[in-house]
Amino acid sequence: MPWRARPGELADPYRVWLSEIMLQQTTVAAVIPYYEKFLTRFPSVQALAAAESEAVMQAWAGLGYYARARNLHACARAVTELGAFPDTLDGLRALPGIGPYTAAAVGAIAFGIPVVPIDGNVERVVSRVFAITEALPGSKPAIAEGAARLGDDPSARARPSDFAQSLFDLGATICTPTNPACAICPWMGDCAGRAQGIAAELPRKTPKKARPVRHGVHFWLVDAEGRVLLRTRPPKGLLGGMVELPGPVWRAAPWQPDEVQDEAPMRAKWRHLGEVTHGLTHFELRIQLHAARVDVIQAEGFLRLINVLDDEALPSMMRKCVALALLEPPG
DNA sequence: AAGTCGTGGGC
DNA sequence: TGCCCAAGACT
């Protein structure tokens, strides 16, 4: 992994922090290209702090959980103001976007603080090693106790960075969510979950609620010069600060055909292009995409040429809409 | 403290 | 195919 320091090398706090923010609820494979892009475009925390927020949101577009990007930028500016990353857990924890996990991860990996960062991997490993059968999230205190006990081992305390990353690697490659490779696990003999034959079913989790469906209508409006109408979403909340095709607020009830004209950004000969579906964390979104071409666009928002839409901070669902619109022959 | 907040890959 | 999930934070 590109953010991991080689043996003997000192970890760079900026790179450790950047990678840890990106890795929150996000797979390594998804993060790597974004991490490389950010290092190229923003080689230092000062460079990131000096960037426009639009540039940061654009670079983050597609990675999801966009509050991370907003907090990333705010954190870079705070660190630049401070002069350097804090080298204490409390100092790190006070920065925007850095919670208990990330403070511990940066503390251990970049500053050698003897602490065990508790992520999903560690929750799983610890739940199994100590055979914690209580379901998450209720079992978090017990997991924290177990993790701290593991971290109290002298060899762990001597190498906090290696110990933390070893736990990540153990969880990612051996102590996996399904079909754990207990036979080759270095902790097989010490694992209470293994001894009780319940390792693979741990950690238990409280069941999640079903995802409701929400319905949206978005409009692909092109002018005579081949420019598309876009707008920026409000800075906070869902997809905050990201760019989208115009349309009414998503709702539970499907949109009726006779409602569409009233919601359009301007009067035009609207044509139904099709449906885009996209799964989000707490609901499934179904977007009806409508398109029209007019001479001059008079509506709220801003205009961009079709061939530079890639440079905008469009979230994935909006890129799906763009892709659908471009499939259609220009009307 | 339970809900909110994205995405793409794996099974 | 539908569900689960992945180095969580914030409110």
Side-chain angles (χ1 to χ4, degrees), chain A residues 1-4 11 15-35 57 60-72 74-75 92-110 115-126 136-138 140-141 143-144 147 161 163-173 175-179 203-214 233-242 244 250 276-285 313-320:
Chain A
M1 298 168 219
W3 47 83
R4 196 165 279 191
R15 298 184 180 212
V16 174
W17 163 73
L18 178 62
S19 68
E20 289 300 339
I21 299 298
M22 289 184 166
L23 285 162
Q24 290 168 5
Q25 297 291 285
T26 309
T27 58
V28 167
V31 163
I32 287 177
Y34 283 85
Y35 175 81
M57 299 311 290
W60 196 277
L63 196 55
Y65 283 143
Y66 298 99
R68 292 185 296 173
R70 302 193 294 271
N71 287 330
L72 184 85
C75 184
L92 290 165
R93 180 68 185 80
L95 292 167
I98 297 186
Y101 163 76
T102 304
V106 174
I109 297 171
V115 61
V116 180
I118 301 175
D119 72 329
N121 287 308
V122 179
E123 284 181 345
R124 186 169 57 254
V125 171
V126 171
L136 282 167
K140 280 179 181 288
I143 291 172
S161 172
F163 188 70
Q165 295 180 78
S166 297
L167 276 181
F168 299 159
D169 290 349
L170 185 65
T173 63
C175 196
T176 51
T178 59
N179 302 319
R204 294 182 181 146
K205 298 187 178 179
T206 56
K208 309 183 173 179
K209 305 190 336 187
R211 286 192 315 179
V213 176
R214 285 193 205 171
R233 292 176 63 89
K236 292 186 177 179
L238 183 66
L239 304 173
M242 300 298 286
E244 66 177 0
W250 307 325
V276 167
T277 64
H278 190 76
L280 293 96
T281 308
H282 287 80
F283 61 93
E284 180 189 325
L285 181 60
L314 291 162
S316 291
M317 69 190 64
M318 288 299 146
R319 292 182 188 269
K320 287 184 184 177

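Naming convention: chains lettered A, B, ... in sequence-line order (proteins, then strands); numbering from 1 in each chain.
Atom pair A:Tyr34:OH and B:dG8:C1' shows a separation of 10 Å (rounding to whole Å applied). Separating the CG atom of A:Leu18 from the P atom of C:dG8 is a distance of 15 Å, rounded to the nearest angstrom. A:Lys140 has its NZ atom 9 Å from the P atom of C:dG8, to the nearest Å. Atom pair A:Glu284:CD and C:dT1:C1' shows a separation of 12 Å (rounding to whole Å applied). Atom CD1 in A:Ile143 sits about 14 Å away from atom C1' in C:dG8, given to the nearest Å. Across the protein-nucleic acid pair, A:Asn71 atom CG and B:dT4 atom P stand 19 Å apart, rounded to whole Å. If you measure from atom CG of A:Leu136 to atom C1' of B:dA1, you get 15 Å, rounded to the nearest angstrom. In this structure, A:Arg68 atom CZ and B:dT4 atom P are separated by 19 Å, rounded to whole Å.
The residue A:Lys209 sits close only to the backbone: its heavy atoms come under 4.0 Å of sugar-phosphate atoms, none of a base. When heavy atoms are screened at a 4.0 angstrom cut-off, A:Ile98 is found touching the sugar-phosphate backbone but no base atom. Across all strands, A:Gly62 comes closer than 4.0 Å only to sugar-phosphate atoms, never to a base (heavy-atom distances). Using a 4.0 Å heavy-atom criterion, one finds that A:Arg93 contacts the sugar-phosphate atoms exclusively. A:Pro96 comes within 4.0 angstrom of sugar-phosphate atoms only, judged by non-hydrogen atoms across all strands, and of no base. Here A:Trp60 lies out of heavy-atom contact (under 4.0 Å) with every strand. Nucleic acid contact class of A:Met242 (heavy atoms, under 4.0 Å, all strands): none. Across all strands, A:Met317 comes closer than 4.0 Å only to sugar-phosphate atoms, never to a base (heavy-atom distances).
A sub-4.0 Å separation between OP1 or OP2 of B:dT4 and a side-chain N or O of A:Tyr65 is absent. Dashed line: the shortest gap from a side-chain N or O of A:Thr26 to OP1 or OP2 of B:dG8 is not under 4.0 Å. In terms of phosphate contacts, A:Lys208 brings no side-chain nitrogen or oxygen within less than 4.0 Å of OP1 or OP2 of C:dC3. Of the side-chain N and O atoms in A:Lys236, none sit less than 4.0 angstrom from OP1 or OP2 of B:dT4. Side-chain N/O atoms of A:His278 include none lying less than 4.0 angstrom from OP1 or OP2 on B:dG6. Within the structure, a side-chain polar atom (N or O) of A:Thr102 is placed less than 4.0 Å from OP1 or OP2 of C:dA9.
Looking only at side-chain heavy atoms (C-beta outward), A:Arg4 and A:Ile109 stay at 4.5 Å or farther from each other. Within the 4.5 Å cutoff, no side-chain heavy atoms of A:Arg211 are placed close to those of A:His282. Between A:Leu18 and A:Leu72 the shortest side-chain heavy-atom distance falls below 4.5 Å. Between A:Thr206 and A:Pro137, the closest side-chain pair of non-hydrogen atoms falls below 4.5 Å.
Considering A:Leu92, A:Ile21, A:Ile98 in turn, A:Ile98 is the only one that fulfils the side chain to side chain contact (heavy atoms under 4.5 Å, CB included) rule with A:Cys75.
Here the side chain of A:Tyr101 is nearest to one of C:dA6, B:dG6, C:dG8, namely C:dG8. Across B:dG3, B:dG6, C:dC10, the shortest atom-to-atom separation from the side chain of A:Gln25 is found for B:dG6. Here the nucleotide nearest the side chain of A:Tyr66, chosen from B:dT7, C:dG8, C:dC10, is B:dT7. When distances are taken from the side chain of A:His282 to each of B:dC5, B:dG6, B:dG8, the shortest belongs to B:dC5. Comparing C:dC10, B:dG6, C:dA9 by their closest approach to the side chain of A:Leu280 singles out B:dG6. Here the side chain of A:Ser316 is nearest to one of B:dT7, C:dA6, C:dG8, namely B:dT7. Minimum atom distance to the side chain of A:Leu238 is reached by B:dC5, of the listed B:dC5, C:dA9, C:dA6. The side chain of A:Pro315 lies closest to B:dT7 when the candidates are C:dC10, B:dT7, C:dA6. The nucleotide whose nearest atom lies closest to any side-chain atom of A:Leu239 is, among C:dC10, C:dA6, B:dG6, B:dG6.
Checked against a 6.0 Å centroid threshold, the rings of A:Trp60 and A:Tyr34 do not count as neighbours.
Spacing of C1' atoms, B:dC5 relative to C:dA6, comes out at 15 Å, to the nearest Å. C:dA9 sits 22 Å from B:dG8 when the P atoms are compared, rounded to a whole Å.
Place A:Leu95 and A:Val28 on DNA chain C by their nearest nucleotides, and A:Val28 ends up nearer the 5' end. Mapping A:Gly97 and A:Arg4 onto DNA chain C via the closest heavy atom, the residue that lands nearer the 5' end is A:Arg4. Both A:Gln24 and A:Thr178 lie near DNA chain B, and the one whose nearest nucleotide falls closer to the 5' end is A:Gln24.
Counting heavy atoms of neighbouring residues, nucleotides and ligands inside a 6.0 Å radius, atom CZ of A:Arg15 does not exceed 12 of them.
A side-chain N or O of A:Thr102 and one of A:Gln24 form a donor-acceptor pair less than 3.5 Å apart.
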